[in-house]
Each structure stands twice: as structure tokens, then as C-alpha cells.
Amino acid sequence: MSARHWLILAVATFVAASGSAFVVGFAFLLPHLHTELGMSLTQAGVLVAMPSVGMALALIAWGWLVDRTGEKLVLTSGSVLMAVGLAAALTTDEFLLLALILLVTGAATASGNSASGRLVVGWFPAERRGLAMGIRQMSQPVGAAIAALTMPLLAESHGLHAALAVPLAMASVSAVAALVVVTDPPRPPAPAGSGADTTARSPYRESRFLQRVHGVSVLLVLPQALMQSFLLAWLMLGHGWSATSAGVVVTVSQVLGALARIVAGAASDRVGSRMTPIRAVAISLTAGMAALAAAEALGAPGAVAVTLAVVATVLSVSDNGLAFTAVAEFAGARWSGRALGTQNTAQFVAISAATPLMAAAIEQVGYWPVFVAAAGIAAVAIPLVPADQRR
């Protein structure tokens with residue numbers, strides 16, 4: 001392991017952060033879509049879901065491609081396609097066409113997820129993977145933080161197209177960086193025959209470990225989707241905060257979430273377990289969402305409610321790197337692209353389906369009952385976390 005491996009990790013993280021700035025960041029434009037462009041909260045929720053839908057549809061295909069061709073090609077081509085899609089989005093305000101462009105561009109961003117995860121497993125030893133994957137998984141909150149700090153303000157002052165220029169610039173830089181810096185890790189030799197290499201067999205047939213990790217991750221990503229998609233709207237529309245103040249709170253929560261992923265990954269290396277920290281996160285998230293629901297229902301002072309919202313947001317993103325590492329390690333070099341694609345597909349399908357439903361529920365019953373539901377979902381995940389397994 002050398003300094004170049006850390007540089008490759010940094011580039012892979014930035015590529016994934018570019019996708020996150022678009023997929024998650026577009027949710028931060030929900031107040032602009034609702035108040036400035038006149039969409040209902042449900043209509044805006046549909047547009048917000050489109051990038052996640054596109055990503056969900058393409059993750060396994062990108063995973064299959066990275067298993068066949070390597071990480072460098074996938075990271076570079078996906079970043080180029082993302083930049084092209086965002087450039088196209090700058091040319092229209094028509095709802096259906098914009099929704100289609102958001103869908104296709106979301107599909108392009110899926111390239112960074114499986115490929116960057118494989119780079120960690122390929123270049124870092126087991127005792128460093130939790131930390132390295134925690135750094136890689138910083139991409140999501142870091143991309144969201146950049147988006148929260150810039151996109152709502154640009155939308156407010158210069159319109160939707162100005163806001164989309166942020167992920168467009170990041171995608172352009174990502175394409176160049178991936179082309180110049182990334183090197184594919186060595187791969188095991190191809191199997192001599194159908195039964196010569198056990199790593200070529202599907203890991204899904206050996207145990208239920210991957211299926212349970214996918215299931216737990218889907219449950220825990222729903223509170224994450226709620227806090228990421230609606231925290232800014234909750235502050236602005238529910239509590240009257242300005243775009244600037246709300247953006248700062250969201251940015252702080254995302255930065256803390258990025259640090260929490262590193263801490264969780266390093267802790268998993270130290271204790272030699274990925275599942276034990278995931279179980280601890282599920283328990284903490286259940287308590288955090290329940291406390292936030294109680295604060296909102298009882299009309300707690302704003303400082304208390306906002307602090308609890310930040311804590312819940314941080315907890316909601318803390319498990320991602322742990323699950324990602326466990327999936328890649330168990331799947332092995334010949335299946336990790338597809339397994340990571342499946343992991344992310346399950347999560348993004350859940351996010352895509354849940355976001356419009358959350359928006360509609362908030363419109364009908366308000367925020368605190370939805371926070372209660374999120375706490376209940378996190379609680380269901382606790383007993384489903386499997387014991388650690390190795391292949």
C-alpha cells in the first residue's frame with residue numbers, strides 16, 4: 001500500500017461525491033421547485049426521486065461492467081455521461097423532459113458506486129478496509145454538503161440551471177481525474193474450469209449473509225432518505241428558516257456524517273467486525289428518530305429540535321460504509337461489482353419509492369408522524385443484522 005493508493009482512493013471518493021452532489025443535492029432544490037416554480041410538494045418529490053430511480057436502474061449493469069472491464073473505464077465513462085446529462089438539463093424547463101434527463105443522468109452517476117468500492121477492496125488490506133471504505137463513503141455526505149451549501153443559494157438567486165452547474169463542474173473534473181489517476185488493482189487469474197475457482201461461484205448461493213445485509217441496509221436507508229431529502233425543507237417550510245441558514249445546518253450535518261463514517265469504519269477494523277457496529281448504529285438511530293419525533297410533536301425549542309435533527313442525520317449515514325465493506329469482502333473479487341450494485345440498487349429503489357410517499361405523507365399529516373415511522377423502520381432492522389461471515 002503506497003501514497004498512490006491513497007490518491008486513487010481520493011479520486012474515487014471525489015467521483016462518487018460528484019454523483020452524490022447531483023442525486024442528493026437535487027433534493028435540496030425541493031423548496032425552490034415548490035415555492036418558485038409552483039409545483040406541489042408531491043410533484044417536486046417526483047422530480048427529486050428521478051435521479052435515484054435512474055441510479056437504481058443502472059447499478060447492477062455498471063457492476064457487471066466493472067467486473068468485466070475494470071474500474072478506470074467505468075469511473076471515467078460514467079463521469080463523462082453525467083456531465084453530458086447535466087449539460088442537457090440546462091437547456092430545458094419542461095417538466096417531462098427534465099424528469100427524463102434527470103433519470104438518465106442518475107443512471108450515469110451509478111458508475112461511481114460499484115467501481116469505487118471495488119478499488120478499496122482491490123488496493124487495501126483487510127485491516128485497513130474499514131477505514132478506507134469509511135473515507136470512500138464520505139463521498140455521499142461530502143457531495144451532499146457541497147450541494148447544500150451552494151445549490152439552494154444559486155437556485156434562489158439565479159434559478160434552477162445555475163444550481164445544476166455545480167454537479168456539472170464536479171462531473172467534468174471527475175472525468176479528467178479518473179482518466180489520469182486511477183489504476184485498476186490486480187485481479188485473480190481466470191478460473192481454469194467451471195469448478196476450479198470457488199470465487200467464481202455466486203456468493204448468494206453459499207449463505208443468506210448478503211441477502212440479510214441488503215435487507216438491513218434497505219431498512220436503515222429510509223430514515224437516511226427522509227433526513228437528506230426533507231431536512232432543508234423542514235427547516236425552511238416548517239420552521240421559516242432562510243435558505244442560507246438552513247443550508248449551513250444541512251452542511252454541518254453532512255460533514256459530521258462524513259466523519260462518522262470514518263469513525264465507524266476505523267472502529268470496525270479495530271473490533272474485527274462489520275456487523276456489530278451496524279447493530280449499534282441501528283439501535284442509536286431508532287432512539288434518535290424517536291427523540292426527534294417527540295421534540296417536533298411537543299413543540300420543543302428550535303435549538304433542541306435542530307440539534308436532534310442533526311444527530312439523527314449523522315446516525316442515519318453512519319452504517320453505509322460498514323455494509324459496503326462487508327458486501328465487497330464477502331462477495332470476492334469476481335462478484336463484488338455485481339454485489340455492490342445489488343446493494344446500492346436495493347437502497348436506491350427504496351429511496352426512489354419512498355421519497356414521493358414521504359412528501360405526500362408530510363403534506364397530509366406533518367413531520368412528526370413521519371419521524372415516528374422512520375424510528376419504527378430502524379427498530380425493525382436491529383434483529384435482522386446477521387453475524388459476521390467470511391468466505
Exercise. Leu90: what forms a side chain to side chain contact (heavy atoms under 4.5 Å, CB included) with it, not counting sequence neighbours?
Worked result: His161, Leu164, Leu168
Problem set entry | Phe22 versus Pro167, closest heavy-atom pair with distance | CB-CB, 3.8 Å
Exercise. Roughly how far apart are Arg212 CZ and Gln389 CD, rounded to 0.5 Å?
Worked result: 8.5 Å
Problem set entry | Under 3.5 Å: donor-acceptor pair, side chain of Thr109, backbone of Gly106 | yes
Problem set entry | Any side-chain heavy-atom pair of Gln228 and Val317 under 4.5 Å | yes
Problem set entry | Residue pair Met227, Met289: steps toward the side chain to side chain contact (heavy atoms under 4.5 Å, CB included) verdict | CA-CA 10 Å; Met227 299 312 297; Met289 291 303 308; 4.0 Å; yes
For this session: Verify the cluster assignment for Val372 and Val365: are they in a single hydrophobic cluster under the rule of side-chain heavy atoms below 4.5 Å apart?
Result: no
Problem set entry | Distance-only donor-acceptor check, side chains Ser174 and Ser18, under 3.5 Å | yes
Exercise. Is there a donor-acceptor pair closer than 3.5 Å between any side-chain N or O of Arg279 and the backbone N or O of Val385?
Worked result: yes
Exercise. How far does CG of Leu384 sit from CD1 of Ile278, to the nearest 0.5 angstrom?
Worked result: 12.0 Å
Seminar exercise, completed: Of all heavy-atom pairs linking Phe28 and Ala144, the shortest is CE1-O, 3.2 Å
Problem set entry | Hphob cluster co-occupancy, Leu340 + Ile351, side-chain heavy atoms under 4.5 angstrom | yes
Problem set entry | Rounded distance [0.5 Å steps], CG in Asn320 versus OG in Ser139 | 9.5 Å
Problem set entry | CG-CG distance between Leu98 and Leu47, expressed to the nearest 0.5 angstrom | 5.5 Å
Exercise. Would you call Arg274 and Asp269 a salt bridge, taking side-chain N to carboxylate O under 4.0 Å as the test?
Worked result: yes
Seminar exercise, completed: Taking every heavy atom of Ala148 against every heavy atom of Val250, the minimum-distance pair comes out as CB-CG1, 3.4 Å
For this session: Keeping the roles fixed (side chain from Asp184, backbone from Lys72), state whether a donor-acceptor pair exists under 3.5 Å.
Result: yes
Seminar exercise, completed: Closest non-hydrogen contact found for Pro369 with Gly366 is CD-O, 3.7 Å
Exercise. Hey, what do you get for OG1 (Thr92) to CG (Leu100), rounding to the nearest 0.5 Å?
Worked result: 10.0 Å
Exercise. Hey, mind stepping through Val306 and Trp241 against side chain to side chain contact (heavy atoms under 4.5 Å, CB included) and telling me if it holds?
Worked result: CA-CA 11 Å; Val306 171; Trp241 286 45; 3.7 Å; yes
Exercise. Distance-only, no hydrogens or angles: does the Thr91 side chain make a donor-acceptor pair with backbone N or O of Ala87 under 3.5 Å?
Worked result: no
For this session: Give, for atom OG of Ser77 and atom CE of Met82, the distance between the pair rounded to the nearest 0.5 Å.
Result: 13.5 Å
For this session: Following the transitive rule for hydrophobic clusters with a side-chain heavy-atom cut-off under 4.5 Å over Ile, Leu, Val, Met, Phe, Trp and Tyr, establish whether Leu7 and Met170 coincide in one cluster.
Result: yes
Exercise. What's the shortest heavy-atom distance between Thr355 and Phe230, and which atoms?
Worked result: O-CZ, 3.7 Å
Exercise. Listed by chain and number, what are the ring-ring contact (aromatic ring centres under 6.0 Å, His included) partners of His214, not counting sequence neighbours?
Worked result: Tyr204
For this session: Would you check if Gln254 and Val142 make a side-chain contact, meaning some heavy-atom pair closer than 4.5 Å?
Result: no
Exercise. When you measure from the side chain of Ser268 to the backbone N and O of Gly265, does any donor-acceptor pair fall under 3.5 Å?
Worked result: yes
Exercise. Taking C-beta and beyond as the side chain, do Leu232 and Pro152 meet within less than 4.5 Å on heavy atoms?
Worked result: yes
Exercise. Just wondering, are more than 12 heavy atoms of other shown residues or ligands nearer than 6.0 Å to CD in Glu94?
Worked result: yes
Seminar exercise, completed: Applied to residues 290-304, the side chain to side chain donor-acceptor pair (under 3.5 Å) test, sequence neighbours excluded, yields Trp234-Glu296, His239-Glu296
Exercise. Taking 4.0 angstrom as the limit, do Arg338 and Asp67 come out as a salt bridge?
Worked result: yes
Exercise. Counting distance only, does the side-chain N/O of Ser20 pair as donor-acceptor with the main-chain N or O of Ala16 below 3.5 Å?
Worked result: no
For this session: Check whether any side-chain heavy atom of Phe330 sits under 4.5 Å from a side-chain heavy atom of Ser207, and report yes or no.
Result: yes
Problem set entry | hydrophobic_cluster_shared for Leu154 and Leu235, side chain cutoff 4.5 Å | yes
Exercise. Under 3.5 Å, is there a donor-acceptor pair between the side chain of Arg4 and the main chain of Val181?
Worked result: yes
For this session: Report yes or no: does Gln43 contribute a side-chain atom to a donor-acceptor pair with the main-chain N or O of Ser40 at less than 3.5 Å?
Result: yes
Exercise. Step by step, would you call Trp62 with Val66 a side chain to side chain contact (heavy atoms under 4.5 Å, CB included)?
Worked result: CA-CA 6 Å; Trp62 281 114; Val66 76; over 6 Å; no
Problem set entry | Distance-only polar pair, side chains of Thr313 and Ser316, donor-acceptor under 3.5 Å | no
Exercise. Do Asp388 side-chain atoms and Met275 backbone N/O form a donor-acceptor pair below 3.5 Å?
Worked result: yes
Exercise. With distance as the sole test, does Ser111 use its side chain to make a donor-acceptor pair with the main-chain N or O of Ala108 at under 3.5 Å?
Worked result: yes
For this session: Determine, stepwise, if the pair Ser245 / Ser242 fulfils side-chain hydrogen bond (donor to acceptor under 3.5 Å, both in side chains).
Result: CA-CA 5 Å; Ser245 299; Ser242 68; 3.1 Å; yes
Seminar exercise, completed: Nearest heavy-atom approach of Val314 to Gly257 is CG2-N, 3.9 Å
For this session: Check whether Leu292 and Val380 end up in the same hydrophobic cluster, where Ile, Leu, Val, Met, Phe, Trp and Tyr are linked by side-chain heavy atoms less than 4.5 Å apart.
Result: yes
